[in-house]
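One structure below.
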Amino acid sequence: MAAYIAVSALSHEGLVREQNEDSLTIGPWTLCATVTTNPQTMLFPLGPPCVVAVADGLGGHPGGEIASALVARRLAAAGPDLDGEESVREALQSCNQAVYAAAADNPELAAMGTTVAGLVLLPERVVVFNVGDSRVYRIGDTGLRRVSVDDSPPLPPGRRTTAVVTQTLGGSLGLTFVEPHVRSAPLAVGDRYLVCSDGLTDPVPEEELAALLARPAEESERADGRAAFELWKAAIEAGGPDNITLALVRIGA
């Protein structure tokens, strides 16, 4: 039986924010600044490049939802051509320039920006990328392992989170160069990943995420959807202080 990609995802404004400024890319599809009430699951053949990404518009800046949507849509359009690390870097540089160009055309959008994190799934490789503090985790038999790199300053003792990001797509008044974090790894049937905004990881400690993602007795799209819901529920029960967007990715056969 041919291998396939299963993606279970949702995006929600949380309990504090008035609107959702997160956007989501799943293959050719995007969900931009929109709330889903239940996890949505999509299936794709493992073969052509498939992008799964979360973009988190910068709060406190104008146009966060516009910046995240712009990046999500550009990544979806570029997806079929993303065949390795270099093409992913080029796509992210292009996204950065596009955010600045859109802001330059509208003074009301000055300094708009977004973080982004995601995967490009290829037949035998996965390319992991991020700019900012949205995250990618690999879910393995030994637990949860972060494979993205937060663009944040070092945390003082006793602090687990920070609202400060040191690198974003857009986010300042003049065009600023970014150095995306991009790495690749082997990909095989059974591999699982979590891509998410900090609306999940800020309120929910990694140990709790790992417990909720412990390998289920059954591996199916229904189990993935339940796990996505439980992750969202944990963030809501922790106060839902920010927009919550997440995608669970599994390679099945």
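Any value given below was found using the heavy atoms of this structure, including those in side chains, with hydrogens, waters and symmetry copies removed.
- For the side-chain contact (heavy atoms from CB on, under 4.5 Å) criterion with Ile236, the lone passing option out of Leu231, Leu15, Val204 is Leu15.
- The number of heavy-atom neighbours closer than 6.0 Å to CD of Glu179, taken from other residues, nucleotides and ligands shown, is 12 or below.
- Shown here for Gly199 and Ile244, the closest heavy-atom pair between the two residues is O-CG1, 3.6 Å.
- Test Leu46, Val127, Leu122 against Leu187 for side-chain contact (heavy atoms from CB on, under 4.5 Å) and you get one pass: Leu46.
- Between Arg89 and Glu85, at least one side-chain nitrogen of the basic residue sits less than 4.0 Å from a carboxylate oxygen of the acidic one, meeting the salt-bridge criterion.
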Give the intermediate values and the outcome of side chain to side chain contact (heavy atoms under 4.5 Å, CB included) for residues Val116 and Phe129. CA-CA 8 Å; Val116 69; Phe129 62 87; 4.2 Å; yes

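- Side-chain contact between Leu10 and Leu246: present, with at least one pair of heavy atoms (C-beta onward) separated by less than 4.5 Å.
- In terms of modelled atom types and a separation under 3.5 Å, the side chain of Arg17 and the main chain of Gln19 share no donor-acceptor contact.
- Applying side chain to side chain donor-acceptor pair (under 3.5 Å) to Asp22 and the options Thr245, Thr115, Thr114 leaves one that passes, Thr245.
- Between the side chains of Ser197 and Asn243, no donor-acceptor pair of N or O atoms lies under 3.5 Å.
- Looking only at atom types and distance, the side chain of Ser68 has no donor-acceptor partner in the side chain of Glu21 under 3.5 Å away.
- The environment of Arg125 atom CZ is dense: over 12 non-hydrogen atoms of other residues, nucleotides or ligands sit within 6.0 angstrom.
- Minimum heavy-atom separation, Leu155 to Arg160: CD1-O, 3.3 Å.
- Between Thr30 and Ala72 the shortest heavy-atom distance is CG2-O, 3.5 Å.
- Side chains of Ser172 and Tyr100: a donor-acceptor N/O pair is present below 3.5 angstrom, by distance only.
- Taking both residues in full, the closest heavy atoms of Leu82 and Ala91 are given as CD2-CB, 3.8 Å, listed atom of the first, atom of the second, then distance.
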Yes or no on salt bridge (charged side-chain N to carboxylate O under 4.0 Å, His left out) for Asp198 and Arg135, after CA distance, side-chain angles and deciding distance? CA-CA 7 Å; Asp198 65 350; Arg135 290 180 179 174; over 6 Å; no

